[in-house]
**Student:** 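To start, I am sharing the structure in question, which I have written as structure tokens.
Numbering of ligands and ligand atoms starts at 1, following listing order.
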Amino acid sequence: MSSDAPRARHVAIIMDGNGRWAKKRRLPRALGHQRGVEAVRKVVRGARELGLEALTLYAFSTENWRRPEEEVTDLMSLMKRFIISDLDEFAEAGVRLKIIGDYTAFKPDVVELVDKAVNRTSGNSGTTLAVALNYGSQDEIARAATKAAAKGPITPETISAELDTADMPPLDLLIRTSGEVRLSNFLLWQAAYAEMYFTDVLWPDYTAEHLKEALDAFASRERRYGGR
Ligand code: FPP
């Protein structure tokens with residue numbers, strides 16, 4: 001790889017396939033999500049070690065409320081447990097935690113925990129870990145456009161400046177696991193010039209090595225941004 005090969009600054013992942021991972025093993029879905037959290041842990045460590053400036057993970061979409069209540073509760077409790085168990089490590093490693101989406105719709109104990117974690121890491125200057133919670137891209141764009149319109153003319157720049165990701169580097173690479181090939185209302189605006197990378201690996205099996213493979217593939221692609 002030549003040294004001037006493009007280097008990704010901001011990678012986003014649609015973490016898909018927890019349910020199928022569990023089903024293949026005749027295990028409860030909840031266990032698939034539990035193993036999914038272990039994959040999150042590995043991939044965040046990998047992102048730090050690979051020197052990524054930002055990693056955005058799609059943890060809970062505005063559509064995920066339609067899942068059975070028990071599964072929603074499971075996901076919430078996994079997220080809480082993840083923050084409790086891993087915050088020290090991230091904080092000490094310089095990770096800045098950020099949330100995109102309207103997480104204030106979650107239960108007050110989750111909101112409080114998330115707020116504390118975000119505040120504790122807000123001064124960090126290492127990798128930004130943006131977790132998408134109650135996130136939907138169309139909702140984000142509508143919110144951003146409303147704010148932009150209240151301030152003046154609507155342009156791509158004024159909308160970008162109001163997106164939840166406004167303080168992050170441009171999105172370079174969007175990964176989706178589990179063989180599904182769609183964006184599912186994730187970072188639609190930000191993906192305008194991002195490279196797409198789809199893999200059949202189910203999320204619970206995903207490792208830092210897979211992330212490295214995706215970054216290597218990115219580095220060998222030629223990005224033209226509409227020019228030639
Ligand atoms: C997709 O699998 C995954 C989700 C809807 C949730 C992702 C959440 C986690 C990995 C755990 C919590 C996250 C953090 C940041 C601690 P699916 O259930 O849609 O799988 P399927 O399509 O195979 O059924």
**Student:** With a 4.0 Å cut-off, would you call Asp88 and Arg120 a salt bridge?
**Tutor:** yes
**Student:** Which of the atoms of ligand 1 are close to Arg67, meaning less than 4.0 Å from one of its heavy atoms?
**Tutor:** 5 (C), 17 (P), 18 (O), 19 (O)
**Student:** Just distance, no hydrogens or angles: give the donor-acceptor pairs under 3.5 Å from side chains in residues 147-157, sequence neighbours left out.
**Tutor:**
from, atom 1, to, atom 2, distance (Å)
Lys151, NZ, Glu162, OE2, 2.6
Thr155, OG1, Glu157, N, 3.3
Thr155, OG1, Glu157, OE1, 3.4
Thr155, OG1, Thr158, N, 3.0
Thr155, OG1, Thr158, OG1, 3.4

**Student:** How far is atom 14 (C) of ligand 1 from its nearest protein heavy atom, and which residue and atom is that?
**Tutor:** Met79 CG, 4.0 Å
**Student:** Quick test: of every protein heavy atom, which one is nearest to atom 10 (C) of ligand 1, and how far off is it to 0.1 Å?
**Tutor:**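 So the nearest neighbour among protein heavy atoms is Asn18 ND2, 3.6 Å.
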**Student:** Taking Asp164 first and then Lys98, would you say they form a salt bridge - that is, a charged N and a carboxylate O separated by under 4.0 Å?
**Tutor:**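 Between Lys98 and Asp164 there is no salt bridge, as every charged N stays at least 4.0 Å from the carboxylate O atoms.
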**Student:** Nearest to atom 13 (C) of ligand 1 by heavy atom, Ala59, Ala39, Gly19: which?
**Tutor:**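 The nearest heavy atom belongs to Ala59.
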**Student:** For Glu112, is there an ion pair with Lys116 - N to carboxylate O distance below 4.0 angstrom?
**Tutor:**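 Salt bridge: yes.
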**Student:** Is the closest N or O pair between Trp203 and ligand 1 shorter than 3.5 Å?
**Tutor:**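 No, Trp203 has no N/O under 3.5 Å of an N/O on ligand 1.
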**Student:** What I want to find out is whether Glu70 reaches Arg29 closely enough, with some N-O distance under 4.0 Å, to be called a salt bridge.
**Tutor:** no
**Student:** Suppose I only count heavy atoms of His33 and a 4.0 Å limit; which atoms of ligand 1 are within that range?
**Tutor:** 18 (O)
**Student:** Any carboxylate oxygen within less than 4.0 angstrom of a Lys/Arg side-chain nitrogen, looking at Glu53 and Arg96?
**Tutor:**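 Looking at Glu53 and Arg96, the cut-off is not met.
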**Student:** Check Arg35 with Glu38, please: is the shortest side-chain N to carboxylate O separation under 4.0 Å?
**Tutor:**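 A salt bridge links Glu38 with Arg35.
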**Student:** Minimum distance, heavy atoms only, to atom 1 (C) of ligand 1: which one of Lys24, Arg20, Arg35, Met15 is it?
**Tutor:**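 Going through Lys24, Arg20, Arg35, Met15 one by one, Met15 has the nearest heavy atom to atom 1 (C) of ligand 1.
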**Student:** Under a heavy-atom criterion of less than 4.0 Å, does Arg29 contact ligand 1?
**Tutor:** yes
**Student:** For ligand 1, which atoms, with element, lie under 4.0 Å from some heavy atom of Phe82?
**Tutor:**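 Answer, ordered by atom number: 16 (C).
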**Student:** Numbering the atoms of ligand 1 from 1, which are under 4.0 Å from a heavy atom of Val37?
**Tutor:**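 The atoms of ligand 1 under 4.0 Å from a heavy atom of Val37 are 11 (C), 12 (C).
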**Student:** Parallel, tilted or perpendicular for Phe60 and Trp65, by the 30°/60° rule?
**Tutor:**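 It falls in the perpendicular class, over 60°.
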**Student:** Have a look at ligand 1 and work out which part of Leu78, if any, has a heavy atom under 4.0 Å from it: side chain, backbone, both or neither.
**Tutor:** neither
**Student:** Where on Glu38 is there a heavy atom closer than 4.0 Å to ligand 1, on the side chain, on the backbone, on both, or on neither?
**Tutor:** neither
